Amino acid sequence: MAIEVNGKSIETTESGFLVNPLDWDEDVAKALADIEGIELTERHWDVINYLRDEYLNNNQNQPMERALLKDMGKKWGSKPSSKEVYILFPLAPTKQGTKIAGLPEVHRKGGY
């Protein structure tokens, strides 16, 4: 599969994740979010940038939900509930967020 972004064809897996994480930029994220039916807000970008930073700068770490909630709490001033981040990413913040962040698919179960 592929998506078109700014006249460029970007390869994706069958489940819609980028084949090459280096193809990612903000326009690609917006296109992926559109496909997912998500309108990106500042909080979405906080989660997306956090996931990318963890993956790219922390030995390809793909944090579980508990770590994401804790770290977003540091950024936002209070720890969000799972429900709050599921409102942002209804199909799981660590899975749907990872897709929009242009990172490889997470194949683990659960959020804790």
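Computed from a predicted model, the values in this text were never measured in an experiment.
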Would you say D23 and V28 make side-chain contact, with heavy atoms under 4.5 Å? no
Quick one: closest heavy-atom pair of T94 and M64, and the distance? CG2-C, 3.8 Å
State, to 0.1 Å, how close L32 and K99 come at their nearest heavy-atom pair, and which atoms those are. CD1-O, 3.4 Å
Should N20 and E11 count as side-chain neighbours, where that means a heavy-atom distance under 4.5 Å? no
Among side-chain atoms of S15 and E105, is any donor-acceptor pair under 3.5 angstrom? yes
Check ion pair K74-D71 (N to O, under 4.0 angstrom): yes
Can you confirm whether E26 sits close enough to W45 that some side-chain heavy atom of one is under 4.5 Å from a side-chain heavy atom of the other? yes
Side-chain contact, heavy-atom cut-off 4.5 Å: I38 with P90? yes
Roughly how far apart are W24 CH2 and L56 CG, rounded to 0.5 Å? 9.0 Å
E65 side-chain N/O to A92 backbone N/O, donor-acceptor pair under 3.5 Å: no
Close side-chain approach of L51 to L68, heavy-atom, < 4.5 Å: yes
State plainly whether one hydrophobic cluster holds both I35 and V19, where clusters connect Ile, Leu, Val, Met, Phe, Trp and Tyr through side-chain heavy atoms under 4.5 angstrom apart. no
